[in-house]
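The structure appears right after this line, and notes come after that.
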Number of protein chains: 2
Amino acid sequence: MNDVARLAGVSIKTVSRVVNDEPGVHPSTAERVLAAIDQLGFRRNLSARNLRRGSSTGTIGLVLEDVGNPFYSGVTRAVEEIARLRGRQVISGSSDEDPGRERELALEFCSRRVDGLLIVPAGLQHSYLVPEMRAGTPVVFLDRPAGDVVADTVLVDNIGGTVEAVTHLAAHGHRRIAFLGDAPDIFTANERLRGYREGCVRAGIGYHEELVAMGPHDESSVATTLQRLHTMREPATAVVAGNNRITVYVLRALAGVAERPALVGFDDFELADLLSPPVTVIAHDASALGKAATDLLFARLDGDNSPPRRVVLPVRLVPRGSGEVHA
Amino acid sequence: MNDVARLAGVSIKTVSRVVNDEPGVHPSTAERVLAAIDQLGFRRNLSARNLRRGSSTGTIGLVLEDVGNPFYSGVTRAVEEIARLRGRQVISGSSDEDPGRERELALEFCSRRVDGLLIVPAGLQHSYLVPEMRAGTPVVFLDRPAGDVVADTVLVDNIGGTVEAVTHLAAHGHRRIAFLGDAPDIFTANERLRGYREGCVRAGIGYHEELVAMGPHDESSVATTLQRLHTMREPATAVVAGNNRITVYVLRALAGVAERPALVGFDDFELADLLSPPVTVIAHDASALGKAATDLLFARLDGDNSPPRRVVLPVRLVPRGSGEVHA
DNA sequence: GGCCACTATGACAACGTTGTCCCCCAGCGG
DNA sequence: CCGCTGGGGGACAACGTTGTCATAGTGGCC
């Protein structure tokens, strides 16, 4: 900026006026300045600007589990979209389900003075965020609630979803319905397990420990589990898969198997309708989740300081065939 | 920082020493300072730090087409991974194939003084980046080359891929092979068309204009096109789909159709092997692409100033069934 | 001519850090 | 007692901006 000023033969302040479209600069002066800017390839330093103005940095931080997972990349897309409309950039990072990494990312973002933080919690401890929140950085948790702070949270109806899945399968005559869930310390996994259990009880088919296999899962553990479920004394005739990854593992394990159990998967996924049989799922909308959370964040930035809200988005069962197989 | 200094009864510089682990601070002083930091919830302002030190901002900018697309979210994941190893954060944005938006994002990132820029070009004009590049910001283009600047570029072997697809189909007896590609002004679409044409010529089946339908495509345009290809005088017996989205549109259009043409899709995708028939694809690795580009970027940041490189990553045909259907 | 209002511009401080340089003081050798 | 050394700490400037206020010039009006 100094160089521009020298080249244009004006003071640095006048350059500032020009780049900020402030009134009161003579057109011919402005032109000289613009020419100098162009010649030198000057671009104003946003960090310095924000520092001086004490204003927003125009960024929001997004901590999620893994951008590579289509579910979270859908969330990311929605967040980006809304942020763009509000003139913000998104800084993001994947925690890989590691609480330490989540914390590291979140605090790093705070050091960068993001205007707000969107977090898919990996851990259960979020008191480390209390100073930041008290200092005025709004934080919204999504997909899972924070462990030990009260804060805005956007969830999906995990319990309702699995209740519905079990109910649906039971209505089609299944009485031995298995549940393959993620690691039980993950909030959503645990909730879905609760929903499964409640669904079983409501359907009058009882809750049987041996039909549940919580993760972490990989392709081979799922295959082994399905094998066990199939060969037990009273085999499972239906399976509820606890998330999109597990659903895929189940599908892989069942490929080529003649007697397939019925299947309902939590999370919708592309091509679910083109498989044979098409996969019945508990669908919810990643972009709705991202949008709801980001909207909430911006409401806070706009000065909304009502008590923390907890939003629960609905899920819906999409029957496609795999869950309608008769026992 | 001022407040911390006052509370700890030291000068602001001593606080700085403590937060930077600089030597020469008495342990008891350091302890007082740390207590004050904790009490006040102080977190140092990275913008100010970077401004003062004139050093890197510790961020890299990533402009891609759409994080929501699994291919690009795979790229994003890889970029994040490497950036993390090198202590950088990733700021990203989706251009939605809009050159103006791409430019806006890239320049915004430059204003934020990112250490480097990774761009999936949406347009063909990138001279707007010349000042930045001359000012020392390394830029790497990925998936597609820049329009009018020489710069590091990482591509996949688009031509080789479609040549192979056509060769494969011809080897299975197909002589009427159609190509459904994206909008021809997109570099990859155009290259793949060239590969298709070359493949046809090499296979001795000739290039026929009426078998080509370039986009932009959506589900219904693909359906219409397939209809046309099926009912023409000499119907197409095989289809090459130009990218993952088009492949999915083709699959949807063919769902339930009795006489399906053979199909080879460009880009691999999850569950391709579980469809019936399983989908033969030209596979390449999103994370390899992201990794190669990011490695190149960091090499530049490490001072490598050899002439711009162009890296072309290999693709490989993965036969799964849909391309091996006999005519 | 003197004064006013107004326009165009500049000088300077400040944002929150850190690098440089300087000071104070205790301990020690001569 | 003096001077030197070294550890611990502070004052101040500077990074690149922008907000505040001041100033110089210009034209109009009494």
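In the text below, chain A, chain B and the rest are named by the order of the sequence lines, each starting its count at 1.
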Report task. Round to a whole Å and report the spacing from CD1 of A/Ile12 to P of D/dG16. Result -> 9 Å
Report task. Hey, which sits more toward the 5' end of DNA chain C by its nearest nucleotide, A/Gly24 or A/Lys13? Result -> A/Gly24
**Report entry** Distance in angstrom units between B/His26 NE2 and D/dG10 C1', rounded
**Finding:** 17 Å
Query raised in the report: A/Arg53 side chain N/O closer than 4.0 Å to the phosphate oxygens (OP1, OP2) of D/dG19?
Result: yes
Report task. Using atom CZ of A/Arg49 as one end and atom C1' of D/dG16 as the other, report the distance to the nearest whole Å. Result -> 12 Å
**Report entry** Separation of C/dG19 P from B/Asn50 CG (nearest whole Å)
**Finding:** 12 Å
Query raised in the report: Should B/Ser16 be listed as having a side-chain N or O under 4.0 Å from OP1 or OP2 of C/dT18?
Result: yes
Requested in this report: Measure from CG on B/Leu51 to P on D/dA13 and round the result to the nearest Å.
Outcome: 17 Å
Report summary line: Taking for B/Val10 and for A/Val19 the nucleotide of DNA chain D with the nearest heavy atom, the one nearer the 5' end belongs to B/Val10
Report summary line: Heavy-atom nearest nucleotide on DNA chain C taken for B/Glu22 and for A/Ala48; more 5' hit belongs to A/Ala48
Query raised in the report: For A/Asn2 and D/dC15, what is the distance between atoms CG and P respectively, to the nearest whole Å?
Result: 8 Å
Query raised in the report: Whole-Å distance between C/dA11 C1' and A/Met1 CE?
Result: 14 Å
Report task. Scan A/Asn20 against the nucleic acid and name what it touches under 4.0 Å (heavy atoms): base, sugar-phosphate only, or nothing. Result -> sugar-phosphate
Requested in this report: Determine the contact category for B/Leu46: base if any of its heavy atoms lies under 4.0 Å from a base atom, sugar-phosphate if only primed atoms, P, OP1 or OP2 are that close, otherwise nothing.
Outcome: nothing
Query - Side chain to side chain, A/Asp182 and A/Arg245, heavy atoms closer than 4.5 Å - result: yes
Query raised in the report: So do the side chains of B/Leu64 and B/Ser92 get within less than 4.5 Å of each other, counting heavy atoms only?
Result: no
Report summary line: Separation between OG (A/Ser94) and CD (B/Glu81), nearest 0.5 Å, reads 7.5 Å
Query raised in the report: What does A/Gly54 touch in the nucleic acid at a heavy-atom separation under 4.0 angstrom: a base, only the sugar-phosphate, or nothing?
Result: nothing
Requested in this report: Indicate, yes or no, whether a donor-acceptor pair under 3.5 Å links the base of C/dG19 to the side chain of B/Arg17.
Outcome: no
Query raised in the report: At under 4.0 Å between heavy atoms, what does B/Thr29 touch on the DNA or RNA strands: base, sugar-phosphate, or nothing?
Result: sugar-phosphate
Query raised in the report: Out of D/dG10, C/dG10, D/dT17, which has the shortest distance to the side chain of A/Asn45?
Result: D/dT17
Query - Side-chain H-bond candidate by donor/acceptor type, B/Ser56 with B/Asp115, under 3.5 Å - result: yes
Query raised in the report: Taking only N and O in the side chain of B/Thr14, is any of them less than 4.0 Å away from OP1 or OP2 of D/dG9?
Result: no
Query raised in the report: Can a donor-acceptor pair under 3.5 Å be found between the side-chain atoms of B/Arg52 and the base atoms of C/dT17?
Result: no
Query raised in the report: Is any side-chain heavy atom of B/Ile91 closer than 4.5 Å to a side-chain heavy atom of B/Val114?
Result: yes
